[in-house]
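To start, the structure under review is shown below, and the notes come after it.
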Amino acid sequence: MSKQETTKPSVAVHKFSSCDGCQLALINMGEPLLVLTQLVDIKHFAEAGPLDENAIVDIAIIEGSVSTSKDLARLQKIRDNSTYIMTIGACATSGGLQALRNMANTKEWIADIYANPSVIDSLDNSTPIKEHVKVDLELWGCPVNEQQILSAIRALLFGVLPKEENDKVCMECKRQQSVCVMVTKNEACMGPVTRTGCGALCPSVGRDCYGCYGPSENPNTNALANRLLGFGLVKEEVARRFLFINSAAKQFQQQGIRLKN
Ligand code: SF4
Ligand code: SF4
């Protein structure tokens with residue numbers, strides 16, 4: 001049963017540690033966002049205007065990772081106040097770029113960077129939302145795209161979970177008949193191990209995929225690592241392809257660490 005009080009379904013957009021790029025993807029939807037505002041009641045979306053972070057809603061959309069000691073209590077409250085939680089973007093689904101610190105000595109980094117490290121409230125690890133509360137749906141990407149968000153909201157409002165898109169980017173690339181940049185230009189494309197959802201955006205404009213949508217289903221990371229080494233890249237360079245935006249996603253992390261050691 002809905003927790004809403006008005007007749008329209010309600011939505012809140014919450015931010016944790018992130019660059020705001022996924023919220024911008026929502027705002028940049030333009031006309032579809034105006035249509036969405038007629039279908040749902042947006043209770044909280046600080047970047048767009050409405051403010052009520054304790055609102056009880058049907059769908060809570062969360063951007064960003066858990067990175068500070070205050071995040072956990074706030075996150076639990078959002079879980080209690082929401083029927084569904086949908087996480088958007090690499091930060092919320094895998095810890096994001098900031099999870100690179102999970103492999104480093106965070107305290108040393110903070111001491112090196114800040115004149116007064118004692119004012120920094122930062123956990124040693126950046127972790128995805130699902131590590132702390134139940135998440136009903138995850139949308140990967142850096143950033144997510146508008147079609148994913150719209151179709152996910154629509155499905156949730158009908159009470160069904162959208163089909164997970166975890167095909168490899170290569171599949172989408174072939175469906176679009178894009179020329180393969182790995183075959184034709186020897187570029188270090190991550191498409192063979194990365195999930196689609198982006199519409200194979202980078203290969204469609206002639207550049208290599210850099211893995212921002214995270215691991216696909218059954219990613220053969222060993223085979224891809226060997227192929228990239230065959231292009232003449234050194235192990236450290238190949239490791240960086242895996243340890244980038246989704247460095248804390250298990251399959252990418254394992255391959256990246258194997259190559260570094
Ligand atoms: S996933 Fe990427 S675009 Fe989205 S908030 Fe994180 S860093 Fe920004
Ligand atoms: S360009 Fe990349 S994503 Fe497209 S088919 Fe080639 S390896 Fe796969």
Side-chain angles (χ1 to χ4, degrees), residues 1-68 70-96 127-165 197-199 212-214:
M1 193 173 123
S2 166
K3 293 184 181 183
Q4 69 192 29
E5 287 169 12
T6 60
T7 50
K8 284 200 283 188
S10 50
V11 173
V13 181
H14 296 275
K15 172 188 161 62
F16 285 78
S17 292
S18 61
C19 82
D20 286 29
C22 289
Q23 291 183 79
L24 275 179
L26 257 172
I27 292 172
N28 284 342
M29 286 196 296
E31 201 171 318
L33 182 60
L34 295 178
V35 175
L36 186 65
T37 57
Q38 288 165 7
L39 300 175
V40 301
D41 188 7
I42 299 180
K43 298 275 193 190
H44 176 74
F45 188 177
E47 191 147 323
L51 282 179
D52 183 2
E53 68 173 332
N54 295 319
I56 293 174
V57 294
D58 293 288
I59 303 174
I61 297 174
I62 300 183
E63 174 198 84
S65 66
V66 171
S67 280
T68 75
K70 295 193 181 89
D71 288 346
L72 287 174
R74 185 159 72 92
L75 182 55
Q76 189 56 55
K77 186 148 199 181
I78 293 169
R79 177 68 273 182
D80 294 343
N81 284 348
S82 315
T83 305
Y84 297 111
I85 284 187
M86 174 166 87
T87 57
I88 56 169
C91 298
T93 52
S94 78
T127 46
I129 301 299
K130 69 173 172 224
E131 266 196 42
H132 307 282
V133 294
K134 176 175 175 269
V135 169
D136 301 286
L137 178 66
E138 292 183 309
L139 297 183
W140 292 69
C142 181
V144 283
N145 73 54
E146 64 180 64
Q147 279 316 318
Q148 280 181 296
I149 298 173
L150 281 178
S151 62
I153 291 176
R154 187 171 184 276
L156 289 177
L157 293 180
F158 278 109
V160 292
L161 286 181
K163 183 176 174 293
E164 190 182 8
E165 287 189 278
C198 61
C212 72
Y213 270 67

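In this text, all values refer to a predicted model and were calculated from it rather than measured experimentally.
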| task | Find out whether Q76 and V133 are in side-chain contact, i.e. whether some heavy atom of one side chain is under 4.5 Å from a heavy atom of the other. | result | yes

Exercise. Give the intermediate values and the outcome of side-chain contact (heavy atoms from CB on, under 4.5 Å) for residues V66 and E131.
Key: CA-CA 9 Å; V66 171; E131 266 196 42; over 6 Å; no

Give a yes or no on whether the backbone of V11 and the side-chain of D41 come within a donor-acceptor separation of less than 3.5 Å.
no

- Query: Between T83 and I59, is any pair of side-chain heavy atoms under 4.5 Å apart?
  - Reply: no

In this structure, CG of L33 is separated from CD of Q38 (nearest 0.5 Å) by 10.5 Å

For a 4.5 angstrom cut-off between non-hydrogen side-chain atoms, does K77 reach N54?
yes

Q: Would you check if E47 and V13 make a side-chain contact, meaning some heavy-atom pair closer than 4.5 Å?
A: no

In short, A55 meets K43 closest at the heavy-atom pair CB-CB, 3.7 Å

To the nearest 0.5 Å, atom CG of D71 lies from atom CD1 of I129 at 7.5 Å

| message | Please determine whether salt bridge (Lys or Arg N to Asp or Glu O under 4.0 Å) holds for the pair D136 and R79, giving the CA-CA distance in whole Å, both sets of side-chain angles, and the decisive distance to 0.1 Å. | response | CA-CA 11 Å; D136 301 286; R79 177 68 273 182; 3.2 Å; yes

Nearest heavy-atom contact between M86 and A152 is SD-CB, 3.6 Å

The reported gap from CD in E138 to CD1 in I62 (rounded to nearest 0.5 angstrom) is 11.0 Å

Here the gap from E53 atom CD to R74 atom CZ, rounded to the nearest 0.5 Å, amounts to 6.0 Å

Applying side-chain contact (heavy atoms from CB on, under 4.5 Å) to A60 and not counting sequence neighbours gives H14, V57, I78, S82, I85

Mark yes when over 12 heavy atoms from residues, nucleotides or ligands other than R154 sit less than 6.0 Å from its CZ; otherwise mark no.
no

Identify every side-chain donor-acceptor pair in residues 16-26 under 3.5 Å, counting partners at least two apart or on other chains, and give the distances.
residue	atom	partner	partner atom	Å
S17	OG	S67	OG	3.3
S18	OG	K15	NZ	2.9
S18	OG	F16	O	3.3
S18	OG	E63	OE1	2.5
D20	OD1	K15	NZ	2.5
Q23	NE2	E63	OE1	3.0

Is there a side-chain hydrogen bond (donor to acceptor under 3.5 Å, both in side chains) between S10 and D58 once you walk through the steps? CA-CA 5 Å; S10 50; D58 293 288; 3.2 Å; yes

In this structure, OH of Y213 is separated from OG1 of T93 (nearest 0.5 Å) by 10.0 Å

In short, W140 meets S94 closest at the heavy-atom pair CZ3-CB, 3.8 Å

Between L36 and I153, does a side-chain contact (heavy atoms from CB on, under 4.5 Å) hold up when you go through it step by step? CA-CA 9 Å; L36 186 65; I153 291 176; 3.9 Å; yes

Between P162 and A155 the two heavy atoms that sit nearest each other are CG-CB, 3.6 Å

Q. Taking the side chain from Q148 and the backbone from N145, do they hold a donor-acceptor pair closer than 3.5 Å?
A. yes

### Query
Sub-3.5 Å donor-acceptor pair from the side chain of H44 to the main-chain atoms of A12, do we have one?
no

Here the gap from Y84 atom OH to I61 atom CD1, rounded to the nearest 0.5 Å, amounts to 13.5 Å

Are H132 and T127 packed together at the side-chain level, in the sense that at least one heavy-atom pair is separated by less than 4.5 angstrom? yes

